[in-house]
Structure formats: C-alpha cells, structure tokens
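These numbers were taken from a predicted model, which means no experiment stands behind them. So that the names make sense, note that chain A is the first sequence line, chain B the second, and so on, each numbered from 1.
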Number of protein chains: 2
Amino acid sequence: MPMNFENLADALKALADPTRLKIVSLLNVRDCCICELVPLFGISQPAVSKHMRRLKTAGLVHETRKGMWVFYGLNADRLAEIGVSLSRLPDLRADLEHLQQQGLLVCE
Amino acid sequence: MPMNFENLADALKALADPTRLKIVSLLNVRDCCICELVPLFGISQPAVSKHMRRLKTAGLVHETRKGMWVFYGLNADRLAEIGVSLSRLPDLRADLEHLQQQGLLVCE
DNA sequence: TTACCTTATAACTATGTAGTTATATATTGC
DNA sequence: GCAATATATAACTACATAGTTATAAGGTAA
C-alpha cells in the first residue's frame, strides 16, 4: 500500500495523542481490554473506547472478543510501517525543477 | 531531550498534516522560502507561513533570512529522532504488573 | 427472565486547527 | 522618503477532536 501524504497524515494523527501513544505502548507489552486500561488513565471508559476505535480505524490495533471482554492487540507491523514512512519521504526534486522551469525559484 | 508521550504527541501533530508532510519532503531536497512553496499548494501565503511556524515550533525546520527572503531548512536529525521514537516506545511492563498486583487484570 | 458486567454509541461541550482576508512589518532599490 | 516584494500577524470561520454523561447493546450466569 503506497503511503501518500493524506494516508500518512491520517496515520500520524491517530498516533499524535499522548493517551493513544501510551495505549500503543501498553499493547506492545500484551493484549489488553478496555476495562484493564481505564484505571491507567484519568479518563472515562467511553473515552478509552473511542481512542481504541481511532487506533483500529488507522489499522494500528485489532480486536478479539473473549466472552464479555474485547481484547485489543497491537499491529506492530503497521506501527513500523508508519515510522519507516517518515524516514522514506518521497523525493520531490521534480516538483522543484518544474518550479525552476517556470522561473518561480528565487535564486537560480 | 527525553521524548515523553506529550512531547512525542506534539511532534507527531506537527507532522500529521498532508501539507506539512509535503513541505518537509520539499525541504528534504533543499532549503526553500515561502514564496517558492506557495505555488505548489492550493493555499494562501499566510497559510503556508503558519505551517512553517508550526514546523519551526516543533523543531523540524530552521530559518535563515537572506535579503527579502526567509529560507527554511529541514532539521533532518529531528525528523529522524521522531521516527526512531515510534520504533522505541517505552516498555510499560511495570504498569501492567502494578495493575495485576491490584487485581485489575482480567485473566491470570 | 433477571441481574450484572463490559463495551459501544449518542448527544453535547470546550478547545484546537486549517483555512480565509486584511493589514502590519521587514527588506531592497529607486 | 517611497514603491515594491516577502513574510508575519490579527481577526475571523468552519470543522475536527477529546472529553463528558447517559444510555444502548453484547455476553455471562444466577
């Protein structure tokens, strides 16, 4: 899946929140359900549930129901993919050369 | 500078926008000034200026005035640092063990 | 069925953000 | 000083988001 700027920005937005970063770090240890996570944060159960949904939409976690509980697990490869995308940003040389041909660059 | 969740979230927020990701990619080719970048985006000069300010606050770019122009350059090490932080999230095993001692974990 | 626990959703509030236009500031060169 | 260009800031609008409380829905077990 090619990560264009829109996709990458959406993925980064999903990570760009201290609560979700901590959730991801916790799931990196082991799968957890909502009711285990709630006491680790000063926020309500629905708030944690909504963070989870955000992470799931971004492909960062997957869920498995076990009886009453829904266990969430980290998609570590997806997280890694996002980090790698940051270090492999596209080469936009062509865009600048095009500007140059139009005389829109300041100094030669 | 230790990257706690707040710091990292702030840095990721600065990157979590398609326009800023493209700006960063362009500055990765070479330093640019605002008036060069504006024609590459469908937005106004003040909008580009504000994106730049956001990136500067996050430590991702630095500026150098040359005559009328202000040239912005990418702080590549800062960008790399953010990517690495994503792949080196803190180990929160202790938090989960603490929960376990309190009997707040569902299974086991 | 009923009671109970867990999770998700709805409706709302407060705040942040990305854009706009208008204007101020900085710099160059006449 | 004055005109022209580049950049930054101010004031505003529209929309996204992170939280809340209340409630619905899913699942277990008496």
Side-chain angles (χ1 to χ4, degrees), chain A residues 5-24 26-27 31-58 60-73 99 103-107, chain B residues 5-24 26-27 31-58 60-73 99 103-107:
Chain A
F5 292 130
E6 287 286 349
N7 296 147
L8 182 52
D10 284 344
L12 291 172
K13 268 181 213 153
L15 286 170
D17 177 272
T19 298
R20 287 194 292 272
L21 283 174
K22 185 170 179 181
I23 290 174
V24 165
L26 287 162
L27 298 186
D31 293 7
C32 295
C33 59
I34 304 281
C35 65
E36 290 174 328
L37 296 175
V38 168
L40 290 174
F41 299 91
I43 61 177
S44 65
Q45 171 268 318
V48 176
S49 183
K50 271 174 45 176
H51 281 302
M52 242 13 147
R53 193 171 171 76
R54 192 91 152 77
L55 291 171
K56 183 159 184 253
T57 300
L60 279 160
V61 305
H62 55 93
E63 60 185 55
T64 314
R65 180 172 278 276
K66 287 187 187 168
M68 271 187 304
W69 302 280
V70 177
F71 279 81
Y72 287 88
L99 277 189
L104 293 174
L105 291 192
V106 163
C107 50
Chain B
F5 292 130
E6 287 286 347
N7 295 148
L8 181 52
D10 284 344
L12 290 172
K13 268 181 214 153
L15 286 171
D17 177 271
T19 299
R20 287 195 291 273
L21 283 174
K22 185 170 179 181
I23 289 174
V24 165
L26 287 162
L27 298 186
D31 294 6
C32 295
C33 59
I34 304 280
C35 65
E36 290 173 328
L37 296 176
V38 169
L40 290 174
F41 299 91
I43 60 178
S44 65
Q45 172 268 316
V48 175
S49 182
K50 271 174 46 177
H51 280 302
M52 243 13 148
R53 194 172 171 75
R54 192 92 152 77
L55 290 171
K56 183 159 184 253
T57 300
L60 280 159
V61 305
H62 55 93
E63 61 185 54
T64 314
R65 179 170 281 277
K66 286 186 187 170
M68 270 187 305
W69 303 280
V70 177
F71 280 81
Y72 288 89
L99 276 189
L104 292 174
L105 290 192
V106 163
C107 50

Legend entry - Nearest heavy atoms of A/I34 and A/S49, plus distance in Å: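 Smallest heavy-atom distance, with atoms named: CD1-CA, 3.9 Å.
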
Inset, instruction - Kindly state which residues belonging to residues 44-53 of chain B come within less than 4.0 angstrom of DNA chain D, counting heavy atoms of the residue only, listed by number. - result: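 Residues of residues 44-53 of chain B that come under 4.0 Å of DNA chain D are, in numerical order, B/Q45, B/P46, B/S49, B/R53.
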
Inset, instruction - For B/E63, enumerate each residue passing the side-chain hydrogen bond (donor to acceptor under 3.5 Å, both in side chains) test, keeping only those at least two apart in sequence or located in another chain. - result: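 Listed in chain order: B/Y72.
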
Inset, instruction - Walking along DNA chain C from 5' to 3', note the first and the last nucleotide with an atom under 4.0 Å from a heavy atom of chain B, and give both. - result: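 Footprint of chain B along DNA chain C, 5' to 3': C/dT17 to C/dT28.
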
Legend entry - A/E36 side-chain N/O to B/V106 backbone N/O, donor-acceptor pair under 3.5 Å: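 Answer holds: yes.
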
Given atom [atom1] of [X] and atom [atom2] of [N], what is their separation to the nearest angstrom?
{"X": "B/L55", "N": "D/dT7", "atom1": "CG", "atom2": "P", "result": "15 Å"}
{"X": "B/D31", "N": "D/dT7", "atom1": "CG", "atom2": "P", "result": "13 Å"}
{"X": "B/R54", "N": "D/dT9", "atom1": "CZ", "atom2": "P", "result": "15 Å"}
{"X": "B/D17", "N": "D/dC15", "atom1": "CG", "atom2": "P", "result": "17 Å"}
{"X": "B/W69", "N": "D/dA4", "atom1": "CH2", "atom2": "C1'", "result": "12 Å"}

Inset, instruction - Using a heavy-atom cut-off of under 4.0 Å over every strand shown, decide if A/Y72 touches base, sugar-phosphate, or nothing. - result: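 Sugar-phosphate contact only.
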
Review item, side-chain donor-acceptor pairs of residues 9-19 of chain B, under 3.5 Å, at least two apart:
unit_1, atom_1, unit_2, atom_2, d
B/D17, OD1, B/T19, N, 2.9
B/D17, OD1, B/R20, N, 3.1

Inset, instruction - Could you pull out all residues at least two apart from A/T64 that satisfy side-chain contact (heavy atoms from CB on, under 4.5 Å)? - result: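 If we apply the side-chain contact (heavy atoms from CB on, under 4.5 Å) test to A/T64, skipping adjacent residues, the hits are A/H62.
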
Inset, instruction - Among residues two or more places apart or on two chains, list those pairs meeting salt bridge (charged side-chain N to carboxylate O under 4.0 Å, His left out) that have a residue in residues 39-54 of chain A. - result: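 Output for this query is empty, none listed.
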
Legend entry - A/L37 side chain near A/H51 side chain, heavy-atom distance below 4.5 Å: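 Heavy-atom side-chain distance check fails, nothing below 4.5 Å.
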
Legend entry - Protein proximity profile, nucleotides 24-30 of chain D - base contact B, sugar-phosphate-only contact S, no contact -, cut-off 4.0 Å on heavy atoms: --SSS--

